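Only one structure is covered here, and it is reproduced in the block below.
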Amino acid sequence: MAGAAMTKRTRSACWLALVLALLAGCARRPAPPAAGGEVVVGILADISTFNEYQSLGDAYEAQVMDLLFPSLLVEQPDWQEHPPTFAPSLATRWETSADGRVITFHLRPDARWSDGVPITADDVRFTFDVQRDERISAPGLEIKRFIEAVEVVDPHTVRFAFSRVYPYQLMDANDGHVIPKHAWGAVPLERWESTDFGAILVTGGPFRVASHARGQTLVLERDPNWWGAPRPYLDRLVFRVVPDSGGQLAQLLAGHLDLVEVVPPREAGRVAASPELELLRLPGRTWGFVAWNNRRPAFADRDTRCALSLAINRPTLVESVYHGFARLGTGPVLASMWAFNKALAPLPFDPARARELLARAGWRDADGDGTVERGGRPFEFDLLVPAGNNLRRDMALLIQADLARLGIRCRPREVEAAAHLALLDAGDFDASLTAYTEATKVELASVWATPADDGGSYNFAGYSNPEVDRLIAEADAAPDFESARPILDRIQELIVADQPVTFLYESDKLVAMNRRIRGARINSGSIFFNADEWTAGR
Amino acid sequence: MSAPRTPPRLVTGAATLAVLALAVLLGPLLAGDPAAIVDPPAAGLLPPLARRTVVELRDGSTLAGETARRADGRWLVERRGGQRVVAEADVAAVSERRFWLGTDNLGRDQLARLLTGGRVSLAIGAVALTLALLVGTAAGLAAGWRGGAVDAVLMRLADGLLAVPILFLLILLAALFRPSPAALVAVLGLTSWMDVARLVRGQVLTLKEREFVLAARAIGASDLRIAVVHLLPNLAAPLAQGAALRLGDLILAEAALSFLGLGVQPPLASWGAMVAHGQEFFPAAWWLTFPAGAAVVTAVIGAALLADGVGEAARADLHAAP
Amino acid sequence: MPRFLLRRFAAAIVLVWLVATVTFALVSLAPGDAAAGLADPRVAPEVRERFRRDFGLDRPWPARYLTWLAGAARGDLGVSWVHHRPVAAVLADAVPATALLAGLGLLLEIAGGLALALVQLRRPHGRADRALTALSLVAYALPAFVVALLLQYLFAYRFRLLPPSHTLSPGGELLTGLPRLLDQLRHLVLPVAAIALTGAGAVARYLRGSLLDERGQLYVLAARARGCSERRALWAHALPNALLPLVTMVGLSLPFLISGSLVIEVIFAWPGMGQTMVAAALARDLPLLMGGTLLATLAVVAGNALADLAYALVDPRVRL
């Protein structure tokens, strides 16, 4: 009996010790960072590769690449008033030849990769070769198509030769970060896709990779080899993978995260109300629309499409889903962009007029079953919605309800993102709820020009207007932005009149940031625009 | 000797399940349309017991106000999100509504969704169970009665199926095809029959040696007749207990799958899907997750109690028999 | 015994092959072009063709199947399209995390269930027994994800006692030794608790019934008659027999453990098999999907065989 009691006491003591140890762990977090400070950013998914020229890159990786790899120039966030301007980065200055077809960049002599090797024109040339190679499937091929050659004049001078003069020469030359030839040049391009570049990683930005716990945390630390010393001021920039935005917000409010890039509009109030947090509302470049498959008989005529646009209660949709953090969509060019045709306005919500147009287009409910028909076929269709996105799911339900009142049966159907893309690409869909994020280049051909027979375009709706095609080609050929402007205005007018898609919304970018981060000039193009200047107080 | 009492657990369990079944069958008829979207900016995320005046307009849209007054041929609706004034001619109907379990972010009545979703959850569980029972009983009877090769093959198959990682296959299926309630029922049912088969087989093996079975064989009764007339009635009790237990597991499984997005797809709702949908609003709008979660727990408890009760009754029977 | 092992081995191989084939068939039947989701749509068609060739998607399915099968037999599961690393390496990163979670969860749920059942048996049908029976019933009926969400809300967000997700705190990778171990332990508490709480309920219910049955058996009565105390009779005689079926129960619950912890992994951002597979499914990373399913099946088959073996070793009545 005594023996058993002893065992029991010892056991209790052990439990007590364990509990105390856990609580002690509570009180002591990992030691606070040294002078520079640390910022913890929440991301929805781990980056899958450190080489942006491998396939399946996505938005997070692009932002992280800004921190790790150099570019010739830095694009300035001034695209709302005029086409974006550029500031020096790896290239300290540049000259354009008299005929405008050659741009020569002078690189800074003190630029080094993280292993100390100098960054030279050879790296720029190597990068260009990779971007243009057919064995790599990145869209660089498209962007670089007007660059004929990249020539190494000397280790710090590189010359870009263009096949024609056009307004986006600097932007196209600058697209994509520079990658290290001495580290990655040896990888045969056929093996590019199956190579783990993280194992042979060499970086050249203000930060370098300190550790990468896959699927969980990516820790970046200051790179002492970077030319901008004493910047960056931060010691560390930590990326934590938190797979859902609700969890991200909870962790942000609890202080585990300092920066969250995507704040659900419904939660914006909570962030704004918190004294430690700051809600940044930036003009967004994401716009959402319903793509009607113009090739299908139901959506082939303009009257029907206009009726659909008028019938959807877009103001209520925007208010319900975005709580005021979005504006109504107007046309193919974002209202916040410099090239927007200011004479255009969003279509009103007008179900009466929608009914008229439907009738005019030949839709009638002959058999009184509540659904309109034309040519004996009822107006019913599947609306594809990418899975896992609550906002889009809610939008689909609102659209379904709106259209039901006009006798149109819309069936929302959730599909996985990859399957969604495959169906859109194959033209195998009726309608789709989609959103694009625009680049700062106003380039209408890939979305609005008649798609070539072999595919290769973002024009999933299959929109085809020969007049628009002609004007797009004209605008592309214009030598400068001023002469392109009136043409772009006319294109926007025509597309809005045709309503190949229903323009739903243009959403703001909502970023939540802990106030202890100072000096951040965050813009909707790049969160880490001036990350090298950030400081983090306690 | 007095007749054995029906165990209280059996009664409680059966009653719980019966009440739930009744609620989900009749409830939707009384509670209204679960899919009706009501003025999301004004009626979104209302707490339980909230009351609003709902003005339905002729163009089909709705306004939900704290108050609505009629004056000079117009309706003034005071609502969250701003006052609205509409001409009387545009108004189709005005009604007072109380949202007993609150609303979700689209203004949909949660009580209606709970009851309608319950139909889906319970139906999937019940149909999958029936499938499992049918396949399992048939397999168990065949294996136990015939023995030999039939037994070996069936039991190997059962063992094999038990090893399959169901969830991974379901992820695969959901990624490649579109999950539907029918597919869900099929998968759940076909992965649950093994336990039933084992149970039945064990029982059949024991019953095979009993006198009445031997007698039936002696007089030349066909296998089928023996199975139906003699074996099945004796299997009723253990089968009932196993079935009740399985029902609980199946309801839990459907809830987990729908929570992960692999089960019932929107706009169809089930209890698991409701918890998944409400998760992003937790804990502020707790009424979106709590009732559905509680419903699942209640159903599973009911099934477990029923199973316990049946087991107890069977044991009591056994001990009471001479 | 060797015959048993051989038979089980053969059966296991057949089963794994079957599952592999079914998985391959499912994946091949999937609608849509598998490569379409991988490349940017604006890419020229010739580049896409080259892409498909690189990934071996242009060959007929029998050839692809045989190549994959041959590779799998050698241990080469191909290269993940998303991670650009060998599938085996990706899985090797993810498996330990899941094993840790599932293993600890299993251990704690058995320990917890056992403790509950023993307490209940001190005075059967007494107040404590009835209360704990109800409690274990509720614990069993609660869906794991509800428990997980509740725990996370209470302990991580509301009362800020424990971390809400991940295996380590930010910067925790730089810790070593005891502080690192403590940090890891703190992160393990909530996910393991979520698994163990619901499992303990089921185990307690089962054990209570089975222990009660055993206690009434003759051999226990005989032991008491010989002068054993109530407790000794319970521990030394009834318990081992009641535990035996638990071994099989553990084996049978392996598939659930591997997949059930998936929900927990998603909620707690735990970098295990669950998260990896879900991400692979979303991105249609076919090599990883097939490799992961294969591995999971192997694990379960092995686990079942081990459970059977353990049962046979422990129970002298069973003959293999």
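Remember, predicted model here, so these are calculated numbers, not experimental data. Lettering of chains follows the sequences in order, A, B, ..., and the numbering in each one begins at 1.
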Point-to-point distance, once rounded to the nearest 0.5 Å, from CG of Leu57(B) to CZ of Arg405(A) | 9.0 Å
When rounded to the nearest 0.5 Å, the distance separating CG of Asp72(B) from CZ of Arg70(B) is 11.5 Å
Would you say Thr191(B)'s side chain and Leu188(B)'s backbone share a donor-acceptor pair under 3.5 angstrom?
-> yes
Determine yes or no for a side-chain-to-main-chain donor-acceptor pair under 3.5 angstrom, with Asn293(A) supplying the side chain and Gly427(A) the backbone.
-> yes
Side-chain touch Arg314(A)/Leu347(A), heavy atoms, less than 4.5 angstrom | yes
Determine, stepwise, if the pair Trp292(A) / Leu308(A) fulfils side-chain contact (heavy atoms from CB on, under 4.5 Å).
-> CA-CA 10 Å; Trp292(A) 311 109; Leu308(A) 289 164; 3.7 Å; yes
What part of Leu406(A) gets closer than 4.5 Å to chain B, counting heavy atoms only: side chain, backbone, both or neither?
-> neither
Identify which part of Arg266(A) has an atom lying under 4.5 Å from any heavy atom of chain B, answering side chain, backbone, both or neither.
-> side chain
With sequence neighbours left out, the residues meeting ring pair (Phe, Tyr, Trp, His ring centres under 6.0 Å) with Trp363(A) are Phe379(A)
Taking only residues two or more places apart in sequence, or in another chain, which ones meet Phe289(A) in a ring pair (Phe, Tyr, Trp, His ring centres under 6.0 Å)?
-> Trp287(A), Tyr436(A)
Dump the intermediate steps for side chain to side chain donor-acceptor pair (under 3.5 Å) on His277(B) and Arg393(A), then the final yes or no.
-> CA-CA 11 Å; His277(B) 178 58; Arg393(A) 185 195 52 209; 2.6 Å; yes
Derivation and outcome, side-chain contact (heavy atoms from CB on, under 4.5 Å), residues Leu504(A) and Val290(A) | CA-CA 7 Å; Leu504(A) 291 175; Val290(A) 182; 3.7 Å; yes
Step by step, work out the side chain to side chain donor-acceptor pair (under 3.5 Å) result for Glu254(B) and Ser270(B).
-> CA-CA 9 Å; Glu254(B) 185 273 322; Ser270(B) 77; 2.8 Å; yes
Of Leu398(A), Asn313(A), Leu249(A), Asp402(A), the largest count of non-hydrogen pairs under 4.5 angstrom with chain B goes to Leu398(A)
Could you list which of residues 35-56 of chain B have a heavy atom closer than 4.5 Å to any heavy atom of chain A, in residue-number order?
-> Ile37(B), Pro40(B), Pro41(B), Leu45(B)
With chain A as the partner chain, list the residues of residues 93-129 of chain B whose heavy atoms fall under 4.5 Å from it, by residue number, and write 'none' if nothing qualifies.
-> Asn105(B), Leu106(B), Arg108(B)
